[in-house]
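First comes the structure, then the notes that go with it.
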Amino acid sequence: MFFHDKGGYDAIMNKNIILIGFMGCGKSSIGRRLALKLGHQFLDSDDLVTARAGQSITEIFAAEGEEGFRFRETSELQILTGSSNIVLATGGGAILTPVNRDILRELGLVIWLHADSETLFTRATRSRKRPLLEVENPRSSLIALLESRLSLYGGTADLKIDATGLSHEQTVDKILHHAAAIPHTGDLNKEEDDFH
Ligand code: S3P
């Protein structure tokens with residue numbers, strides 16, 4: 001499915017786009033391309049956290065634990081309240097707390113980028129910057145974490161986009177095509193298939 005309708009494109013030009021989804025689904029790379037197409041500013045919540053802390057995510061986890069990282073993540077999301085014309089890529093766990101979910105839904109159109117677990121595993125373990133997967137059996141940890149979060153991604157998103165087997169460019173086109181079709185009411189929870 002590819003995006004060709006310029007009129008539909010205009011329909012999301014003035015919205016913030018929030019990308020949620022598991023580690024390795026491509027939120028940052030896809031978000032950057034999407035922002036370019038929309039003329040939006042691209043932001044990445046992980047980058048905001050690390051820039052303010054002056055430390056990598058791995059260092060923050062080591063010094064402050066996951067709890068410290070989550071506290072910092074929420075602070076950065078709170079600061080973004082009221083922003084406009086942004087595409088925001090969030091960390092995979094940003095949907096864990098109700099306060100974060102409320103902020104994200106208030107901020108804009110929330111899109112869940114998904115892919116099959118094998119794709120997520122391959123992409124998420126390519127770099128060593130994800131402390132939650134630096135464990136003895138990262139594959140089973142990934143599957144357990146993913147399963148525990150699926151309903152949170154689904155419950156937070158206005159739209160789910162499956163990027164399995166798609167290039168980043170194709171995924172951007174798919175997002176634009178489907179996102180253009182939905183109004184952001186704050187309580188939609190649609191699968192891409194609902195818009196075929
Ligand atoms: C996390 C995902 C990471 C980062 C941190 C925790 C998670 O972001 O925020 O390592 O809990 O899923 P990415 O999804 O960008 O890898």
Check: Looking only at heavy atoms, what is the nearest atom pair of Lys129 and Pro131, with distance?
Finding: O-CD, 3.4 Å
Checklist line | Side-chain (Ser29) to main-chain (Gly26) donor-acceptor, under 3.5 angstrom | finding: no
Margin query: To check you understand the geometry: which heavy-atom pair defines the closest contact between Thr81 and Ile103, and what is its length?
Written below: OG1-CG2, 4.1 Å
Note to self: Could you tell me if the side chain of Leu96 sits less than 4.5 Å from the side chain of Glu66, heavy atoms only?
What the structure shows: yes
Margin query: For Leu107, is there any backbone N or O sitting under 3.5 Å from a side-chain donor or acceptor partner on Asn16?
Written below: yes
Item checked: Non-hydrogen atoms of Leu146 and Ser117 that approach each other most closely -> CD2-CB, 4.0 Å
Notebook entry, point to check: Roughly how far apart are Ile17 CD1 and Leu88 CG, rounded to 0.5 Å?
Noted result: 11.0 Å
Item checked: Spacing of CZ belonging to Phe121 relative to CG belonging to Leu133, to within rounding of 0.5 Å -> 8.0 Å
Checklist line | Carboxylate-amine/guanidinium contact Glu118 Arg139, below 4.0 Å | finding: yes
Notebook entry, point to check: Any side-chain heavy-atom pair from Leu176 and Leu38 closer than 4.5 angstrom?
Noted result: yes
Notebook entry, point to check: Quick one: does Arg130's side chain have a donor or acceptor within less than 3.5 Å of a partner on Ala124's backbone?
Noted result: yes
Next item on the list: Indicate yes or no for a side-chain donor-acceptor contact from His178 to the backbone of Lys160 under 3.5 Å, with no hydrogens or angles considered.
Entry: no
Item checked: Backbone of Gln55 reached by a side-chain donor or acceptor of Thr50 within 3.5 Å -> no
Next item on the list: To the nearest 0.5 Å, tell me how far Ile57 CD1 sits from Arg72 CZ.
Entry: 11.5 Å
Item checked: Minimum heavy-atom distance Ile161-Thr171, with the two atoms named -> CG2-CG2, 4.3 Å
Note to self: Quick check for you: to the nearest 0.5 Å, what is the distance between Ile20 atom CD1 and Ser45 atom OG?
What the structure shows: 11.5 Å
Margin query: Can you confirm whether Gln78 sits close enough to Val99 that some side-chain heavy atom of one is under 4.5 Å from a side-chain heavy atom of the other?
Written below: yes
Margin query: Do Leu150 and Ile95 land in one hydrophobic cluster if side-chain heavy atoms of ILVMFWY residues count as linked below 4.5 Å?
Written below: yes
Notebook entry, point to check: Is there a side-chain contact between Thr125 and Leu142, using heavy atoms and a 4.5 Å cut-off?
Noted result: no
Checklist line | Asn100 side chain to Leu77 backbone, donor-acceptor under 3.5 Å | finding: no
Checklist line | Qualifying residue for side-chain contact (heavy atoms from CB on, under 4.5 Å) with Phe22, from Arg123, His114, Lys27, Arg149 | finding: Arg149
Check: Measuring from Ile175:CD1 to His168:NE2, what's the distance to the nearest 0.5 Å?
Finding: 11.0 Å
Item checked: From Asp116 atom CG to Asp162 atom CG, the distance as rounded to the nearest 0.5 Å -> 7.5 Å
Note to self: Treating His40 as the side-chain partner and Met13 as the backbone partner, does any N or O pair qualify as donor plus acceptor under 3.5 Å?
What the structure shows: yes
Item checked: Smallest separation among heavy atoms of Trp112 and Ala157, with atom names -> CB-CB, 3.7 Å
Note to self: Can you tell whether the side chains of Glu67 and Arg70 come within less than 4.0 Å, N to carboxylate O?
What the structure shows: no
Next item on the list: Indicate the atoms forming the closest heavy-atom contact of Ile86 with Leu43, along with that distance.
Entry: CG2-CD1, 4.0 Å
Note to self: Taking the side chain as everything from C-beta on, heavy atoms only, tell me whether Met23 gets closer than 4.5 Å to Leu145.
What the structure shows: yes
Notebook entry, point to check: Is there a side-chain contact between Phe69 and Asp46 (heavy atoms, below 4.5 Å)?
Noted result: yes
Margin query: Could you tell me if the side chain of Val87 sits less than 4.5 Å from the side chain of Leu36, heavy atoms only?
Written below: no
Notebook entry, point to check: What about Ile79 and Phe71, same hydrophobic cluster or not, with Ile/Leu/Val/Met/Phe/Trp/Tyr joined at side-chain heavy-atom distances under 4.5 Å?
Noted result: no
Check: Should Ile60 and Val135 be counted in the same cluster of Ile, Leu, Val, Met, Phe, Trp and Tyr side chains packed under 4.5 Å apart?
Finding: no
